[in-house]
Amino acid sequence: MAITTNTELETAVANWLHRSDLTSRIPEFVTLGETRLFRELRVKDMEATFSTAITSGTITLPTSYVDLKYAYVNTDPVQWLERKPARWIYEHYPTRAAEGTPKFIAREGDTFIFGPYPDSSDTVKGIYYKNIGPVSTSAHALFTNNPDLYLFAALLEAVPFLEDDKRVSLWAAKYNDSLVRCQAKSDREDYSGSTLAMRAG
């Protein structure tokens with residue numbers, strides 16, 4: 001059967017489990033499987049852009065932020081920002097007053113801070129990975145492009161309810177294979193369309 005909606009996903013999980021006593025738990029398995037995916041995957045279907053002006057030396061994290069891919073200060077030329085821990089920023093740039101164009105970025109709570117401390121309200125732009133939400137709300141691209149990944153992630157969350165089930169190792173292998181293939185496909189996109197060229201060492 002096709003797996004293109006949350007209902008079809010839950011039906012597929014039920015079919016693979018073949019356990020009528022677990023039917024009411026299937027939405028939980030799907031939710032927990034999605035949580036696992038958002039922890040382990042960093043792919044283009046999770047990417048979103050942001051563009052935010054610096055205010056009082058910080059910017060607020062983008063909506064549903066999971067991880068930062070890259071960021072830069074939108075100056076001419078642009079200033080790429082290197083990721084650092086917040087403590088590193090404070091140790092190397094203890095003066096938290098206008099010093100110059102930032103070169104480093106760190107997360108502190110629900111904000112990004114910078115080093116050196118910004119001397120203007122320049123705009124920071126970039127790409128981040130976001131939690132794209134549950135398939136029960138929207139059949140987003142990550143799900144529609146990788147229904148097998150969602151299926152096996154959900155099945156693995158049912159394992160605590162299965163005693164010595166020989167299918168578990170198969171599900172785990174299929175999940176890991178799907179995860180690797182999904183990540184590899186996304187990584188290839190960064191270089192697709194480029195002409196191979198020899199570079200001097």
Side-chain angles (χ1 to χ4, degrees), residues 1-51 60-72 83 105 107 110 112 125-194 196:
M1 61 170 286
I3 305 176
T4 59
T5 66
N6 182 64
T7 299
E8 291 173 350
L9 174 60
E10 291 184 357
T11 299
V13 173
N15 291 340
W16 281 68
L17 284 175
H18 201 58
R19 286 274 300 270
S20 59
D21 59 317
L22 294 178
T23 301
S24 64
R25 310 301 293 266
I26 289 176
E28 297 174 25
F29 301 153
V30 170
T31 297
L32 293 172
E34 287 178 313
T35 301
R36 177 195 289 240
L37 291 177
F38 293 142
R39 289 194 187 115
E40 297 183 352
L41 277 177
R42 296 295 177 266
V43 294
K44 294 197 178 300
D45 288 334
M46 297 171 63
E47 289 181 7
T49 61
F50 72 96
S51 178
T60 302
L61 292 183
T63 303
S64 301
Y65 174 88
V66 175
D67 267 334
L68 184 65
K69 184 173 184 179
Y70 64 76
Y72 60 92
R83 188 69 184 268
I105 185 172
R107 177 180 178 174
D110 292 330
F112 285 125
K125 295 186 175 184
I127 298 290
Y128 70 102
Y129 297 103
K130 67 180 296 184
N131 183 324
I132 51 181
V135 294
S136 59
T137 300
S138 172
H140 45 64
L142 181 61
F143 169 60
T144 56
N145 291 335
N146 306 279
D148 56 333
L149 191 54
Y150 274 74
L151 171 63
F152 294 117
L155 288 171
L156 289 178
E157 297 303 327
V159 169
F161 298 89
L162 309 175
E163 294 184 6
D164 301 322
D165 194 314
K166 295 180 180 179
R167 298 173 298 172
V168 171
S169 59
L170 172 65
W171 297 343
K174 285 186 170 292
Y175 171 78
N176 289 328
D177 180 66
S178 297
L179 188 77
V180 168
R181 290 174 181 272
C182 179
Q183 187 66 61
K185 179 180 182 298
S186 180
D187 293 344
R188 285 196 305 270
E189 296 263 335
D190 284 331
Y191 303 99
S192 64
S194 298
L196 292 176

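No experiment lies behind these values; they were computed from the predicted model shown.
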- Indicate yes or no for a side-chain donor-acceptor contact from T35 to the backbone of T31 under 3.5 Å, with no hydrogens or angles considered. yes
- Heavy atoms of A158 and F29 approach each other most closely as CB-CE1, 3.5 Å
- Message: What's the separation between atom CZ in R83 and atom CZ in F112, rounded to the nearest 0.5 Å?
- Response: 5.5 Å
- Which distance, rounded to the nearest 0.5 Å, do you find between the CG of L162 and the CG of L156? 10.0 Å
- Item | Sequence-distant partners of K125, salt bridge (charged side-chain N to carboxylate O under 4.0 Å, His left out), two or more places apart | none
- Message: Determine whether Y128 and Y70 satisfy the following criterion, side-chain contact (heavy atoms from CB on, under 4.5 Å), listing intermediate values before the conclusion.
- Response: CA-CA 7 Å; Y128 70 102; Y70 64 76; over 6 Å; no
- Message: Under the criterion side-chain contact (heavy atoms from CB on, under 4.5 Å), I'd like the reasoning laid out for S136 against V30: C-alpha separation, chi angles, the key distance, then a yes or no.
- Response: CA-CA 9 Å; S136 59; V30 170; over 6 Å; no
- Query: Does anything in residues 150-163 pair up under side chain to side chain donor-acceptor pair (under 3.5 Å), and if so which pairs, sequence neighbours excluded?
  - Reply: R36-E157
- Message: Per the salt bridge (Lys or Arg N to Asp or Glu O under 4.0 Å) rule, what does the pair list look like for residues 176-188, sequence neighbours excluded?
- Response: D177-R181, K185-E189
For residues 142-149, please give each side-chain donor-acceptor pair under 3.5 Å, one per line with the distance, not counting sequence neighbours.
{"residue": "T144", "atom": "OG1", "partner": "H140", "partner atom": "O", "Å": "3.3"}
{"residue": "T144", "atom": "OG1", "partner": "A141", "partner atom": "O", "Å": "3.3"}
{"residue": "N145", "atom": "ND2", "partner": "D45", "partner atom": "OD2", "Å": "3.3"}
{"residue": "N145", "atom": "ND2", "partner": "A141", "partner atom": "O", "Å": "3.2"}
{"residue": "N146", "atom": "ND2", "partner": "L142", "partner atom": "O", "Å": "2.9"}
{"residue": "D148", "atom": "OD2", "partner": "S178", "partner atom": "OG", "Å": "2.9"}

- Message: With a 6.0 Å cut-off (strictly less than), is the heavy-atom count around NZ of K44, excluding the residue itself, greater than 12?
- Response: yes
- Do W171 and W16 touch side chain to side chain, with heavy atoms closer than 4.5 Å? yes
- Task: Would you sort out whether R39 and E34 count as a side-chain contact (heavy atoms from CB on, under 4.5 Å), showing the intermediate values?
- Result: CA-CA 9 Å; R39 289 194 187 115; E34 287 178 313; over 6 Å; no
- Task: Please name all residues satisfying salt bridge (charged side-chain N to carboxylate O under 4.0 Å, His left out) with R167, sequence neighbours left out, ordered by chain then number.
- Result: D165
- For the pair E40 and Y175, evaluate side-chain contact (heavy atoms from CB on, under 4.5 Å) and give the outcome as yes or no after the intermediate values. CA-CA 12 Å; E40 297 183 352; Y175 171 78; 2.6 Å; yes
- Side-chain heavy-atom pair E10, P27 within 4.5 angstrom cut-off: yes
- Query: How many angstroms lie between CG in L68 and CD1 in I127, if you round to the nearest 0.5 Å?
  - Reply: 9.5 Å
- Message: Tell me which pairs pass salt bridge (Lys or Arg N to Asp or Glu O under 4.0 Å) where either residue lies in residues 13-27, with sequence neighbours left out.
- Response: R19-D21, R25-E28
- Item | Spatial distance of atom OG1 (T5) from atom CG (L9) [nearest 0.5 Å] | 8.0 Å
- One should read off an interatomic distance between D67 CG and N131 CG, to the nearest 0.5 angstrom, of 11.5 Å
- When rounded to the nearest 0.5 angstrom, what is the spacing between CD in Q183 and CZ in R42? 9.0 Å
